[in-house]
Amino acid sequence: MTARTDIITDTDTAVAADAVTDTAVAADAVTDAAVAADAVTTSGSISFANWEEKEAGSSGAGPRTAHASVVNTFSGGIEAAGTACDYSIAYTVGHAGVFTGMELVTGSIDGRPGSFVLEQRGTFAEDGTIHCTFTVVPGSGTEGLAGLTGSGEYTCRTGQASFPYSLSYRL
């Protein structure tokens with residue numbers, strides 16, 4: 001009796017698929033490292049110009065939700081006055097919770113004019129500390145900012161009129 005060598009088992013297919021996946025993950029890591037190496041980091045300050053918040057829902061003593069329309073001014077690496085930002089907010093305990101938002105920024109980055117949108121995600125704690133990370137929405141850059149990609153962050157405290165941000169980006 002001779003053994004058949006043309007039969008491929010599911011285990012062989014899974015091992016091959018894992019090898020392809022591992023190769024793709026390694027390639028993504030190299031690409032991410034190359035992107036990070038080419039990124040420019042800029043920084044400056046954000047100032048709140050206006051904050052209008054409205055309750056969206058409440059469960060009595062439990063969590064509640066709200067929407068906020070906010071106007072900010074960026075200075076430094078990003079120069080933009082009167083941005084348009086809308087947040088969805090979930091208060092989980094007291095004055096602590098999470099938020100997401102979209103902010104339309106029209107101005108410039110390091111002297112290059114244009115507009116782009118920032119997608120924001122953050123947390124706020126009972127002690128008033130706010131931490132936010134944001135990414136540039138792919139395809140949102142216009143004019144001199146066409147092709148813009150990047151991400152950044154800020155940390156501030158409730159009531160702080162102005163606070164620092166950083167943005168790492170590529171054009």
Subject >> From CA spacing to verdict: side chain to side chain contact (heavy atoms under 4.5 Å, CB included), Val105, Ile78 >> reply: CA-CA 9 Å; Val105 180; Ile78 299 173; 4.0 Å; yes
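- Between atom CG of residue Asp110 and atom OG1 of residue Thr42 there is a gap of 3.5 Å, rounded to the nearest 0.5 Å.
- In this structure, Glu53 and Ile89 have side chains that are in contact, with non-hydrogen atoms separated by less than 4.5 Å.
- Grouping the Ile, Leu, Val, Met, Phe, Trp and Tyr side chains by contacts below 4.5 angstrom, directly or via other members, places Val98 apart from Tyr91.
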Original post:
After noting the C-alpha distance and the side-chain angles of Ser166 and Ser43, does the key distance pass the side chain to side chain donor-acceptor pair (under 3.5 Å) rule?
Top reply: CA-CA 4 Å; Ser166 66; Ser43 61; over 6 Å; no
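- The line from OG of Ser47 to CD of Gln160 is 10.0 Å long, rounded to the nearest 0.5 Å.
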**OP:** Could you give me the CA-CA distance, side-chain angles and deciding distance for Leu171 and Arg112, then say whether side chain to side chain contact (heavy atoms under 4.5 Å, CB included) is met?
**Re:** CA-CA 10 Å; Leu171 280 169; Arg112 291 175 161 240; 3.1 Å; yes
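- A distance of 7.5 Å separates CH2 of Trp51 from SG of Cys85, quoted to the nearest 0.5 Å.
- Contact of the Leu118 side chain with the Val137 side chain is not registered, since no non-hydrogen atoms from C-beta on lie closer than 4.5 Å.
- Remark: the Glu153 side chain and the Thr133 side chain contain no N/O donor-acceptor pair separated by less than 3.5 Å.
- Residues Phe48 and Asn72 form a side-chain contact, since some pair of their non-hydrogen atoms from C-beta on lies under 4.5 Å apart.
- Met102 and Val71 end up in different hydrophobic clusters when Ile, Leu, Val, Met, Phe, Trp and Tyr side chains are linked at under 4.5 Å.
- The heavy-atom pair separating Ala56 from His67 by the smallest distance is CB-CD2, 3.6 Å.
- Contact annotation: the side chain of Glu103 never approaches that of Phe116 to less than 4.5 Å [non-hydrogen atoms, C-beta and beyond].
- Contact check for Arg157 versus Thr129: side-chain heavy atoms found under the 4.5 Å cut-off.
- Val117 is not connected to Ile46 by any chain of hydrophobic side-chain contacts under 4.5 Å among Ile, Leu, Val, Met, Phe, Trp and Tyr, and they are in different clusters.
- When the side chains of ILVMFWY residues are joined at heavy-atom separations under 4.5 Å, either directly or via intervening members, Val136 and Tyr154 end up in a single hydrophobic cluster.
- A ring-centre distance under 6.0 Å is not found for Tyr165 and Phe134.
- Residues Leu148 and Tyr169 are in side-chain contact: their nearest non-hydrogen atoms beyond the backbone lie under 4.5 Å apart.
- Distance OG1/Thr135 to CD/Gln120: 9.5 Å, rounded to 0.5 Å.
- With contacts defined as side-chain heavy-atom distances shorter than 4.5 Å, the pair Ile130/Thr158 qualifies.
- In this structure, a donor-acceptor pair under 3.5 Å is present between the side chains of Ser168 and Thr41.
- Taking each heavy atom of Ser115 and Leu145 in turn, the nearest pair found is N-CD1, 4.2 Å.
- Annotation: the span from Ser140 atom OG to Glu119 atom CD amounts to 10.0 Å, rounded to 0.5 Å.
- No donor-acceptor contact under 3.5 angstrom links the side chains of Thr123 and His131, judged on distance only.
- No continuous path of hydrophobic side-chain contacts links Leu104 to Phe99 [ILVMFWY only; heavy atoms under 4.5 Å].
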